[in-house]
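Atom set for the values below is all heavy atoms of this structure, side chains included, hydrogens, waters and symmetry mates excluded. In what follows, chains are A, B, ... by sequence order, proteins preceding strands, each numbered from 1. This structure is a prediction, so every number in the text was calculated from the model and none was measured.
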There are 2 protein chains.
Amino acid sequence: MGLTKSEIFTSEQNEISSIAKVFGHPARVAILQHLFKIDSCICGDLVDEIGLAQPTISQHLKELKKIGLIKGNITGTSICYCIDKDNWSQMKTVLSVFLNQDINEKNNCC
Amino acid sequence: MGLTKSEIFTSEQNEISSIAKVFGHPARVAILQHLFKIDSCICGDLVDEIGLAQPTISQHLKELKKIGLIKGNITGTSICYCIDKDNWSQMKTVLSVFLNQDINEKNNCC
DNA sequence: CCTATTAATCGTAATATTGCAATATATTAA
DNA sequence: TTAATATATTGCAATATTACGATTAATAGG
């Protein structure tokens with residue numbers, strides 16, 4: 001069906017998977033890395049930096065915006081995107097809880 | 001096209017997104033959480049625990065196995081799955097580098 | 001051998017994702 | 001106003017994902 005049955009999972013499980021899904025494409029990983037690397041904001045050079053067409057980059061930016069990891073403000077004809085630091089931190093906290101489950105693990109039969 | 005252009009990205013970007021993609025479905029998150037929670041191995045009760053059909057669970061387990069996060073050994077007619085601790089740790093390291101990019105961040109124009 | 005049990009695989013339908021050309025929108029500059 | 005520039009949106013084709021019924025394979029117990 002291609003349709004995830006979100007309703008049978010906890011909100012935590014859905015939140016973790018929603019965040020992870022956004023990271024699940026190399027273009028979006030590359031966009032985020034680039035936004036961190038140049039510690040001022042960039043505008044439209046993501047299209048040159050990454051080798052994808054402008055509508056494709058725009059679509060990926062939309063995904064990142066939707067989940068709140070980036071924000072953009074208009075500067076003339078261009079738009080300046082950057083990481084939303086507060087949301088990035090919050091997201092890290094959610095993922096950390098999931099990723100660090102193993103610290104309390106005792107035995108492992110396999 | 002539905003086809004990711006992996007070849008234009010770095011191996012690190014592809015690795016991060018591959019891991020994240022596996023976490024990008026709540027059923028796989030739930031499976032991993034359950035495997036951590038019961039600190040002995042489980043067999044086929046994942047189907048009861050999560051509310052999805054057996055072939056669906058089997059398919060998700062396959063994805064998790066493919067990327068190396070879980071392993072299973074045969075015990076009679078059932079198969080005992082558990083987290084691959086070494087690979088889990090390695091995966092955490094890869095993701096941590098990506099998630100902690102913000103610690104060196106200086107300014108933020110937005 | 002036959003049957004029950006467990007899990008994988010196959011086949012398929014429904015939906016989602018990716019990518020881009022074409023177009024629309026919005027702002028600046030002349 | 002017109003042209004140029006930057007980004008978003010639309011529409012569409014190709015491919016991927018999700019889910020499950022039906023079937024298959026493998027093992028255990030009788």
Side-chain angles (χ1 to χ4, degrees), chain A residues 1-9 13-14 16-31 34-35 41-67 70-82 110, chain B residues 1-9 13-14 17-31 34-35 41-67 70-82 109-110:
Chain A
M1 293 134 179
L3 179 58
T4 299
K5 287 188 166 180
S6 309
E7 70 278 7
I8 66 170
F9 300 103
Q13 287 159 350
N14 282 312
I16 291 166
S17 61
S18 295
I19 296 166
K21 207 171 185 181
V22 172
F23 293 149
H25 194 288
R28 293 190 287 264
V29 169
I31 289 170
H34 192 70
L35 288 176
C41 284
I42 61 121
C43 310
D45 44 18
L46 280 166
V47 176
D48 302 326
E49 182 68 21
I50 301 165
L52 292 170
Q54 180 265 321
T56 309
I57 296 292
S58 193
Q59 205 171 310
H60 285 306
L61 287 169
K62 198 176 170 184
E63 294 293 311
L64 290 166
K65 239 185 305 179
K66 200 172 71 184
I67 206 158
I70 64 170
K71 51 187 173 180
N73 53 1
I74 300 158
T75 319
T77 80
S78 60
I79 292 176
C80 175
Y81 280 109
C82 56
C110 301
Chain B
M1 289 132 180
L3 178 59
T4 299
K5 286 190 162 179
S6 309
E7 69 279 6
I8 67 170
F9 301 104
Q13 287 160 351
N14 282 312
S17 60
S18 294
I19 295 166
K21 206 170 185 180
V22 172
F23 292 149
H25 193 288
R28 292 190 289 265
V29 170
I31 288 171
H34 192 71
L35 287 176
C41 285
I42 61 120
C43 311
D45 45 15
L46 280 167
V47 176
D48 301 325
E49 183 67 23
I50 302 165
L52 292 170
Q54 179 266 319
T56 308
I57 296 292
S58 195
Q59 205 170 310
H60 285 305
L61 287 169
K62 199 178 171 183
E63 294 293 310
L64 290 167
K65 239 186 303 178
K66 199 172 70 184
I67 206 159
I70 63 169
K71 51 188 174 177
N73 53 2
I74 301 159
T75 319
T77 80
S78 61
I79 292 176
C80 176
Y81 282 108
C82 55
C109 74
C110 300

On the side chain of B/Gln59, is there an atom forming a donor-acceptor pair with the base of C/dC10 - under 3.5 Å, no angle test? no

Student check: side-chain heavy atoms of A/Ile50 and A/Ile31 closer than 4.5 Å: yes

If you compare every side-chain N and O of A/Lys65 against the phosphate oxygens of D/dA8 (OP1, OP2), does one of them come in below 4.0 Å? yes

N or O in side chain of A/Lys21 less than 4.0 angstrom from D/dT17 OP1/OP2: no

When the distance from CZ of A/Phe23 to P of C/dT17 is rounded to whole Å, what number comes out? 16 Å

Provide, to the nearest angstrom, the distance between the CG atom belonging to B/Asn73 and the C1' atom belonging to D/dA26. 16 Å

With a 4.0 Å limit, can you tell me whether B/His60 has a side-chain N or O closer than that to the phosphate oxygens OP1/OP2 of D/dT17? no

Specify the separation, in whole Å, of atom NZ of B/Lys5 and atom P of D/dT15. 13 Å

Mind checking if A/Thr4 touches a base, just sugar-phosphate, or nothing, with heavy atoms under 4.0 Å? sugar-phosphate

A/Glu63 CD to D/dT9 P, in whole Å, measures 12 Å

Take atom NE2 of B/His25 and atom C1' of C/dT17, then tell me their distance rounded to the nearest Å. 14 Å

Output the rounded distance in Å from CD1 (B/Ile79) to P (D/dT27). 10 Å

Decide side-chain contact (heavy atoms from CB on, under 4.5 Å) for A/Leu61 and A/Ile79; before the verdict, give the C-alpha distance in whole Å, the side-chain angles of both, and the deciding distance to 0.1 Å. CA-CA 11 Å; A/Leu61 287 169; A/Ile79 292 176; over 6 Å; no

Heavy-atom side-chain contact between A/Tyr81 and A/Lys65 under 4.5 Å: yes

To the nearest Å, give me how far apart CD1 (B/Ile57) and C1' (C/dT9) are. 16 Å

For A/Leu3 and A/Ala27, find the nucleotide of DNA chain C closest to each by heavy atoms; which residue's nucleotide sits nearer the 5' end? A/Leu3

Would you indicate whether the side-chain heavy atoms of B/Gln59 and B/Pro55 approach each other to under 4.5 Å? no

Restricting both atoms to N or O, compile the protein contacts to nucleotides 22-30 of chain C shorter than 3.5 Å, with distance only.
none

Whichever of B/Lys62 and A/Thr56 has the more 5' nearest nucleotide on DNA chain C, that residue is B/Lys62

Is the shortest side-chain heavy-atom distance between A/Cys82 and A/Ile70 below 4.5 Å? no

Please report the distance, rounded to the nearest Å, between CD1 in A/Ile50 and P in C/dC20. 12 Å

Phosphate contact (C/dT6 OP1 or OP2) by B/Tyr81 side-chain N/O below 4.0 Å: no

Does the side chain of A/Glu63 come within less than 4.5 Å of A/Arg28's, by heavy atoms? yes

What class does the angle between the rings of B/Phe9 and A/His25 fall in, given that below 30° is parallel, 30 to 60° is tilted and above 60° is perpendicular? perpendicular

